[in-house]
Amino acid sequence: MNRRRLPLSLRHRAVPWERQRPTWREARPTVIAGALKRAQARPSGNWYVVGASRALRGDAKPASLTVAGQEVVVWRGPGGHLVGGPGICPHLGAPLRDSPVRCGTLVCHWHGLALDGSPYAGWSPLPVHDDGVLVWVRLDTAGGEEPLDAPVVPRRPEPTRALTAVYTGVGVCEPEDVLANRLDPWHGAWFHPYSFVDLTVVDAPGGPACAADGGADGLTIDVSFKVAGRLVVPVRAVFTAPEPRTVVMRITEGEGAGSVVETHATPLGADELGRPRTAVIEAVVTASDRPGFAAARRAAPLLRPLVRAVAGRLWRDDLAYAERRWQLRSTGRFPG
């Protein structure tokens with residue numbers, strides 16, 4: 001794709017939604033299932049994403065999540081370093097997610113038990129990691145794998161030249177249903193016509209393009225992001241799964257080359273009906289060498305809500321996809 005003075009293009013041969021080329025023959029269930037199976041076999045080191053790094057600043061309220069049925073809290077301890085551990089107060093079981101942080105110390109709002117991140121009064125910390133965009137916690141009992149010292153973090157643009165935003169949603173499904181959705185790019189222009197047009201999968205697992213990107217399980221696509229009317233932004237992107245609960249879409253050609261969208265699926269545990277719930281925590285890390293992008297970075301506080309809104313609209317559809325997949329699997333009705 002040639003570099004344009006402006007990133008926009010005009011679609012000259014736009015077709016109505018119902019007349020676009022069907023993709024169901026190309027979206028082979030065996031290809032999607034194979035990519036999912038290989039992703040699930042990769043090591044995670046028992047690391048789970050719990051939220052956005054930006055949300056934990058100073059004495060901000062602790063980040064909290066129930067990961068695989070275990071309540072977890074994470075906050076900035078004395079000196080600003082990241083600490084975390086069980087979200088149940090060891091005294092009488094208060095929910096530490098509702099407790100305030102004062103000068104780096106989490107103070108239980110029931111009886112005042114103060115935790116600075118060190119083992120104390122029956123409370124023991126958990127390994128945590130801040131990669132600059134996302135916060136991770138390691139739960140060895142939940143993961144059951146050989147622990148890793150740090151999570152498998154995808155390659156990203158340099159933080160100093162990137163704009164980041166993090167979206168979180170929750171669905172009634174399992175992490176594999178979220179990954180299966182992301183490993184099916186063929187549905188994009190059909191299921192999300194308000195965002196994507198002219199989508200073509202040009203390389204599937206094992207092909208030359210994905211091998212050039214460093215992984216045998218890449219899915220390479222050409223797609224145009226819809227702006228307004230016939231105005232679009234065409235790019236080439238590659239989908240990969242570096243660990244069992246993450247799928248990364250990386251723009252390799254076109255506007256924003258090097259930018260990534262990381263989709264992380266964190267199991268939460270069962271709801272009141274016994275159904276599994278999964279959090280989708282999606283990090284959008286965009287970069288561009290265009291002169292105007294520096295101004296966009298300065299306007300990041302205004303742009304982040306817009307990016308989250310766009311992600312939210314897509315995930316309203318994609319969580320319906322994931323939930324439907326789980327519903328069919330759990331009742332023995334999933335095709336094949």
Side-chain angles (χ1 to χ4, degrees), residues 1-4 7 31-32 35-36 38-39 42 44 47 49 52-53 131-134 136 151-167 178-189 192 195-226 232-265 280-290 293 296-297 303 307-308 310-311 314-315 318:
M1 298 183 183
N2 295 326
R3 179 75 168 173
R4 298 180 176 88
V31 172
I32 298 169
L36 174 62
R38 289 186 291 274
R42 296 188 177 106
S44 72
W47 290 95
V49 174
S53 175
D131 66 25
V133 177
L134 298 170
W136 305 66
V152 180
V153 179
R155 186 177 77 255
R156 298 171 178 153
E158 287 294 327
T160 55
R161 68 180 191 91
L163 186 153
T164 64
V166 178
Y167 163 81
V178 173
L179 262 68
N181 168 269
R182 275 295 179 261
L183 294 172
D184 169 20
W186 292 275
H187 76 265
H192 309 295
S195 288
F196 306 121
V197 292
D198 304 329
L199 189 152
T200 302
V201 176
V202 298
D203 200 48
C210 62
D213 195 63
D217 290 322
L219 286 158
T220 303
I221 70 168
D222 286 340
V223 65
S224 291
F225 295 98
K226 194 170 182 179
V232 296
V233 178
V235 301
R236 172 163 288 186
V238 176
F239 290 77
T240 55
E243 58 111 70
R245 289 178 292 275
T246 300
V247 172
V248 179
M249 185 198 77
R250 184 182 312 279
I251 296 177
T252 57
E253 297 181 38
E255 185 62 24
S259 301
V260 298
V261 177
E262 301 174 12
T263 303
H264 302 271
V280 173
I281 303 174
E282 187 163 272
V284 181
V285 186
T286 59
S288 174
D289 56 5
R290 292 186 182 274
F293 190 72
R297 288 189 68 249
L303 293 176
V307 175
R308 286 193 292 267
V310 171
L314 288 168
W315 274 109
D318 281 339

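The shown structure was predicted, so the numbers you read here are calculated from the model rather than taken from an experiment.
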Review point. Can you name the nearest heavy-atom pair linking P154 to R250, along with the distance?
Key: CB-NH2, 4.5 Å

Study note, to complete from the structure: dist F225:CZ -> H192:NE2 (nearest 0.5 Å) comes out at 11.5 Å

Exercise for review: Could you check if a side-chain atom of P234 sits within less than 4.5 angstrom of a side-chain atom of V223, using non-hydrogen atoms only?
Suggested key: no

Review point. So, for G218 and V238, which heavy atoms are closest and what is the spacing to 0.1 Å?
Key: CA-CG1, 4.2 Å

**Study point:** Worked verdict on W186 versus V31 for side-chain contact (heavy atoms from CB on, under 4.5 Å)
**Key:** CA-CA 12 Å; W186 292 275; V31 172; 4.1 Å; yes

Check your understanding: Which atoms form the tightest heavy-atom contact between R42 and P242, and what is the distance?
Key -> CD-O, 3.7 Å

Practice item. Using side chain to side chain donor-acceptor pair (under 3.5 Å) as the criterion, list what pairs up with W136, not counting sequence neighbours. Key: D131

**Study point:** Side-chain heavy atoms of D198 within contact of D222, under 4.5 Å
**Key:** no

Check your understanding: Sequence neighbours excluded, which residues qualify as salt bridge (charged side-chain N to carboxylate O under 4.0 Å, His left out) partners of E262?
Key -> R156

Review point. Quick one: CG on L179 to CZ on F239, what's the gap to the nearest 0.5 Å?
Key: 12.0 Å

Review point. Which heavy-atom pair separates L303 from A296 by the least distance, and what is that distance?
Key: CD1-O, 3.3 Å

Exercise for review: Could you check if a side-chain atom of W315 sits within less than 4.5 angstrom of a side-chain atom of T263, using non-hydrogen atoms only?
Suggested key: yes

Review point. Looking only at heavy atoms, what is the nearest atom pair of V232 and K226, with distance?
Key: CG1-CA, 4.2 Å

Review point. Quick one: side chain to side chain donor-acceptor pair (under 3.5 Å) partners of T246, sequence neighbours excluded?
Key: E243, H264

Review point. Is there a donor-acceptor contact under 3.5 Å from the side chain of R297 to the main chain of T160?
Key: yes

Review point. If you look at every heavy atom in E255 and S288, which pair is closest and at what distance?
Key: OE2-OG, 3.3 Å

Point to revise | Donor-acceptor contact present, side-chain T286 to main-chain L163, <3.5 Å | key: yes

Point to revise | Partner set under salt bridge (charged side-chain N to carboxylate O under 4.0 Å, His left out) for D318, not counting sequence neighbours | key: R182

Check your understanding: Would you say the side-chain atoms of T164 pair up with the backbone N or O of V285, donor to acceptor, closer than 3.5 Å?
Key -> no

Check your understanding: Is any side-chain heavy atom of P205 less than 4.5 Å from a side-chain heavy atom of R38?
Key -> yes

Study note, to complete from the structure: Across all chains, not counting sequence neighbours, the side chain to side chain donor-acceptor pair (under 3.5 Å) partners of R245 are S44

Review point. For the atom pair CG (D184) and CD1 (I32), what is the distance rounded to the nearest 0.5 Å?
Key: 4.0 Å

Practice item. With sequence neighbours excluded, tell me which residues meet side-chain contact (heavy atoms from CB on, under 4.5 Å) with A311. Key: Y167, E282

Point to revise | Rounded distance (nearest 0.5 Å) linking atom CD1 of I221 with atom OG1 of T252 | key: 9.5 Å

Exercise for review: Check whether any side-chain heavy atom of S195 lies under 4.5 Å from a side-chain heavy atom of L314, and answer yes or no.
Suggested key: yes

